[in-house]
Amino acid sequence: MTKRAVVKGLGTYAPPRILNNHDLERLVDTNDEWIVTRTGIRERHIAAPEETTADMAEKASRLALQEAGITGDDLDFIIVATNTPDTLFPSTAARLQARLADRPVGGVDLQAGCTGLIYAIEMASAMIQSGSYQRILVVGADKLSSITDYQDRTTAVLFGDAAGALVLEGHEDTEFGVLGSYLKADGRGGDLLSLPAGGSRLPASAATVEEGLHYLKMNGNETFRFAVKAMPEAVEEGLKRVGLTVEDMDLLVPHQANLRIIDAAVRRFNLDPDRVAINIERYGNTSVGTIPLALEDARREGRVHRGSVVVLVAFGAGLTWGSTIIRWGY
Ligand code: UT7
């Protein structure tokens with residue numbers, strides 16, 4: 001009998017504080033019209049100073065566990081995809097375990113830029129298929145406001161904070177669940193999107209802070225060019241791997257980095273608006289948070305049904321890109 005990982009629960013969280021484009025006009029030399037036409041973003045949610053990635057991950061996870069009808073003690077493993085862990089170590093996954101479960105549960109952080117959640121779903125799915133794990137909590141959580149330079153207009157307008165969580169569970173001989181995925185990384189493009197200081201390459205010092213190297217740096221134009229190629233490639237190749245085509249796809253849930261990047265994919269595949277999940281307008285780019293937020297909104301709008309073929313696709317720092325294909329329900 002073969003096992004497959006089905007989605008038993010989905011939960012999301014975005015902090016209550018909203019930073020809209022007009023608020024940003026007071027921080028940097030920008031304007032609402034530029035931000036909306038170039039990115040599609042109108043507002044983003046920003047965590048409170050004391051609110052951490054683990055705090056947001058916990059809130060999303062509790063909702064996912066509740067929907068799955070289980071508690072943290074029922075989990076076999078936790079994977080937290082994040083680029084902004086509470087600390088480099090201990091891991092955010094270990095912090096989350098302590099909050100969700102009374103007994104030890106395996107856990108690890110995974111860092112793959114904004115593609116992290118796609119990677120985490122595939123790894124959890126493979127662990128479940130192996131038969132060694134039955135229930136895995138997969139979380140995507142990022143507090144990008146903690147690494148955003150609010151004096152740099154080219155990045156300050158893009159990012160927000162959020163978390164999303166999925167409970168994956170092994171079911172035997174089912175047509176539902178994670179069907180397969182396509183994952184790629186190419187480090188030659190690593191400098192396009194990076195956090196230069198704070199690692200072993202450039203340990204944090206007064207000089208790195210002085211130069212602002214503890215903030216995210218991005219070559220927006222080159223990243224854009226990469227993204228408009230990577231997203232369609234990942235959609236097509238992911239579907240091909242599981243024997244499906246774009247026509248079989250009921251809902252595309254793309255990483256929400258820029259509405260123009262999403263629109264390029266929509267045009268390429270000639271998709272009707274009801275087959276694409278878009279909510280970048282209200283959240284901006286929350287890195288690994290964008291896909292669960294968009295998926296949850298689509299679900300609330302009644303666009304995800306039992307049996308729906310849902311394609312999650314992302315790109316990000318690394319460079320990384322990839323997709324995962326899920327037949328929704330169980
Ligand atoms: O998940 C993370 C992945 N990151 C991304 O996906 C980002 C991908 N890249 C992008 O989304 C776009 O490249 C940006 C939104 C970052 C920039 O948009 P763009 O259309 O590529 O603009 P640009 O960088 O070519 O800049 C055009 C102009 C420049 O002025 P000049 O040189 O033409 O006078 C910029 O200085 O817009 C200016 N500009 C701004 N103006 C007002 C750049 N940022 C701003 C701003 N407000 N915030």
Side-chain angles (χ1 to χ4, degrees), residues 19-45 81-84 111-120 140-164 184-187 189-196 215-234 253-266 278-281 283-294 312-323:
L19 183 70
N20 66 31
N21 292 350
H22 298 294
D23 299 326
L24 280 161
E25 287 172 358
R26 290 189 280 276
L27 293 176
V28 284
D29 178 18
T30 190
N31 58 78
D32 176 59
E33 204 249 328
W34 189 96
I35 303 172
V36 172
T37 50
R38 298 292 181 119
T39 73
I41 302 167
R42 291 184 189 275
E43 57 189 38
R44 54 302 280 139
H45 292 241
T82 183
N83 305 285
T84 50
Q111 197 274 102
C114 299
T115 322
L117 189 77
I118 306 269
Y119 272 70
D142 262 319
K143 184 179 178 180
L144 291 181
S145 64
S146 69
I147 54 166
T148 299
D149 180 356
Y150 286 98
Q151 294 184 339
D152 171 11
R153 69 176 182 173
T154 64
T155 53
V157 300
L158 300 176
F159 301 113
D161 302 328
K184 292 288 163 192
D186 185 348
D191 288 339
L192 294 186
L193 189 48
S194 70
L195 186 65
Y215 291 129
L216 174 158
K217 306 289 176 206
M218 183 177 75
N219 178 330
N221 291 305
E222 288 299 319
T223 306
F224 191 99
R225 257 192 282 278
F226 156 69
V228 294
K229 281 211 309 252
M231 294 251 275
E233 174 194 312
V253 187
H255 173 44
Q256 317 274 309
N258 185 318
L259 186 57
R260 290 185 293 141
I261 295 173
I262 300 172
D263 281 345
V266 168
I278 301 176
N279 65 1
I280 187 169
E281 186 178 317
Y283 296 103
N285 181 349
T286 58
S287 186
V288 289
T290 65
I291 284 177
L293 284 176
L312 315 182
V313 62
F315 66 92
L319 296 169
T320 56
W321 65 110
S323 64

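Values below: every heavy atom of this structure, side chains too, minus hydrogens, waters and symmetry copies. Both counts, for ligands and for their atoms, begin at 1 and track the order of listing.
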[atom]: which protein heavy atom is closest, and how many Å away?
atom                    : result
atom 14 (C) of ligand 1 : Asn258 ND2, 4.5 Å
atom 3 (C) of ligand 1  : Phe315 CE1, 3.6 Å
atom 8 (C) of ligand 1  : Gly220 O, 3.6 Å
atom 27 (C) of ligand 1 : Arg38 NH1, 3.5 Å
atom 37 (O) of ligand 1 : Trp34 NE1, 3.2 Å
atom 47 (N) of ligand 1 : Thr30 OG1, 2.7 Å

Name each donor-acceptor pair under 3.5 Å that joins a side chain in residues 29-36 to protein atoms two or more places apart or in another chain, with its distance.
from  : atom 1 : to    : atom 2 : distance (Å)
Asn31 : OD1    : Glu33 : N      : 3.3
Asn31 : OD1    : Trp34 : N      : 2.8
Asp32 : OD1    : Asn21 : ND2    : 2.9

Can you name the atoms of ligand 1, numbered from 1 with element, that are less than 4.0 Å from a heavy atom of [X]?
X      : answer
Thr39  : 15 (C)
Val157 : 48 (N)
His255 : 1 (O)
Leu193 : 2 (C), 3 (C)

Let me know which of Ile278, Leu293, Asn285 forms a side-chain contact (heavy atoms from CB on, under 4.5 Å) with Gln256.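 It is Ile278; the other options fail the test.
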
Is there a donor in the side chain of Thr39 and an acceptor in the side chain of Asn258, or the other way round, less than 3.5 Å apart?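 The criterion, which ignores hydrogens and geometry beyond distance, is not satisfied for Asn258 and Thr39.
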
Run the side chain to side chain contact (heavy atoms under 4.5 Å, CB included) check on Asp152 and Tyr215 step by step: do they pass? CA-CA 10 Å; Asp152 171 11; Tyr215 291 129; over 6 Å; no

Does Cys114 have a non-hydrogen atom less than 4.0 Å from ligand 1?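 Yes; Cys114 lies near enough to ligand 1 that a heavy-atom distance drops under 4.0 Å.
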
Looking at ligand 1, is there an atom of it that comes within less than 4.0 Å of some heavy atom belonging to Ile261?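 Contact check Ile261 vs ligand 1: positive.
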
Does the protein put any heavy atom within less than 4.0 Å of [atom]?
atom                    : result
atom 1 (O) of ligand 1  : yes
atom 41 (N) of ligand 1 : yes
atom 31 (P) of ligand 1 : no
atom 45 (C) of ligand 1 : yes

How far apart are the closest heavy atoms of [X] and [Y], and which atoms are they?
X      : Y      : answer
Asn83  : Cys114 : ND2-N, 4.3 Å
Pro292 : Leu117 : CD-CD2, 3.5 Å
His255 : Phe315 : CD2-O, 3.5 Å
Ala314 : Ile291 : CB-CD1, 3.9 Å

Would you tell me which option among Arg260, Met218, Arg153 has the nearest heavy-atom contact to atom 19 (P) of ligand 1?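 Looking at heavy atoms only, the winner is Arg260.
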
Can you check which of Asn219, Leu144, Thr223 brings a heavy atom nearest to atom 5 (C) of ligand 1?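 Considering heavy atoms of Asn219, Leu144, Thr223, the nearest to atom 5 (C) of ligand 1 sits in Thr223.
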
Look only at interatomic distance and state if Asn221 has a nitrogen or oxygen under 3.5 Å from any nitrogen or oxygen of ligand 1.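 So ligand 1 has an N or O lying under 3.5 Å from an N or O of Asn221.
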
Any N or O of Asn285 closer than 3.5 Å to N or O of ligand 1: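 Yes - when backbone and side-chain N and O of Asn285 are compared with those of ligand 1, one distance drops under 3.5 Å.
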
For Ser323 and Val313, indicate whether the former's side chain and the latter's backbone hold a donor-acceptor pair under 3.5 Å.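 Pair absent, no side-chain N/O of Ser323 close to backbone of Val313.
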
Any donor-acceptor pair under 3.5 Å from Asp186 side chain to Leu319 backbone: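 Answer holds: no.
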
Within the structure provided, determine whether Asp161 and His45 are in side-chain contact (heavy-atom separation under 4.5 Å).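 Not touching, per the 4.5 Å side-chain cut-off.
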
Considering only distance and modelled atom types, tabulate donor-acceptor pairs under 3.5 Å from the side chains of residues 223-231, sequence neighbours left out.
from   : atom 1 : to     : atom 2 : distance (Å)
Thr223 : OG1    : Asn219 : O      : 2.7
Arg225 : NH2    : Glu222 : OE2    : 2.9

